[in-house]
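One structure below.
The chain is numbered in sequence order, starting from 1.
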Amino acid sequence: LFKTMESSMDGLFDAVHKACEPEIQAFNVCMETHTGDNSSSVCEAEKSALTECSQQSITLIKTIQRACNAQLRPLIECVNEHPHTADDDCKMYGDAFYRCAELVLKHIQQVDKS
């Protein structure tokens, strides 16, 4: 269960990283270029772009949480009730949440393409 959830979360984080990769790279290059500069305005444009991209990614995660709440709630309850045996006892809830999250992500990706 936790491996499935971890894989799902890794997929989400990978999607966030991929979506914001240009902003991450631009910010890193700017910071490397201006190492030692004391001005707070250094790399401000890059930082703002990265922050905006990250916020959009957080919106994606919140969208999945809202859309899959019916699957997420029982999963959280099960894990709380069975913390030591959740891998076995909560697998069906984890699988349901994972399937829902994948469907939501695919739907969002299809909408973005059109």
Side-chain angles (χ1 to χ4, degrees):
L1 167 69
F2 289 114
K3 289 178 184 172
T4 301
M5 289 178 61
E6 184 177 311
S7 173
S8 177
M9 293 307 294
D10 286 346
L12 281 174
F13 289 124
D14 288 346
V16 170
H17 185 270
K18 185 176 180 181
C20 298
E21 189 171 358
E23 290 83 358
I24 292 169
Q25 288 181 349
F27 181 72
N28 286 338
V29 166
C30 182
M31 291 300 290
E32 289 171 7
T33 303
H34 297 284
T35 300
D37 289 356
N38 291 330
S39 173
S40 62
S41 63
V42 171
C43 304
E44 195 59 39
E46 292 82 358
K47 180 180 175 184
S48 293
L50 179 55
T51 300
E52 182 177 333
C53 183
S54 298
Q55 289 300 322
Q56 290 173 357
S57 298
I58 290 169
T59 300
L60 169 66
I61 293 169
K62 287 182 179 179
T63 299
I64 290 171
Q65 288 175 330
R66 274 193 309 272
C68 300
N69 188 48
Q71 293 79 12
L72 181 58
R73 207 171 358 148
L75 173 60
I76 292 170
E77 289 173 9
C78 184
V79 170
N80 286 337
E81 290 174 13
H82 307 281
H84 302 293
T85 58
D87 275 346
D88 294 326
D89 293 339
C90 305
K91 183 172 179 8
M92 68 181 206
Y93 300 114
D95 290 347
F97 175 71
Y98 178 73
R99 282 191 304 274
C100 180
E102 278 192 326
L103 288 172
V104 171
L105 189 56
K106 286 178 185 176
H107 175 73
I108 291 170
Q109 290 170 341
Q110 288 174 347
V111 169
D112 286 347
K113 288 180 182 178
S114 50

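- Around atom NE2 of His82, more than 12 heavy atoms belonging to other residues, nucleotides or ligands sit under 6.0 Å away.
- Rounding to the nearest 0.5 Å places CD1 of Ile108 at 5.0 Å from OG1 of Thr63.
- Scored by the side-chain hydrogen bond (donor to acceptor under 3.5 Å, both in side chains) test, Ser48 finds no partners at all (sequence neighbours excluded).
- For Cys20, the side-chain contact (heavy atoms from CB on, under 4.5 Å) partners two or more places apart in sequence, or in a different chain, are Glu23, Ile24, Leu50, Cys53, Ser57.
- Note that the CG atom of Leu103 and the NZ atom of Lys106 stand 6.5 Å from one another [nearest 0.5 Å].
- Expressed to the nearest 0.5 Å, how far OG1 of Thr85 lies from NZ of Lys91 amounts to 14.5 Å.
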Check your understanding: Where do Val42 and Thr33 land on the side chain to side chain contact (heavy atoms under 4.5 Å, CB included) test, with the steps shown first?
Key -> CA-CA 10 Å; Val42 171; Thr33 303; over 6 Å; no
Contacts under 3.5 angstrom, residues 66-79 side chains, donor-acceptor by atom type, not counting sequence neighbours:
none

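- Rounding to the nearest 0.5 Å places CG of Asp95 at 5.5 Å from CZ of Arg99.
- Rounded to the nearest 0.5 Å, atoms CG (Leu60) and CD (Gln56) are 10.5 Å apart.
- Rounding to the nearest 0.5 angstrom, the gap separating the OG1 atom in Thr51 from the CD atom in Glu44 is 8.0 Å.
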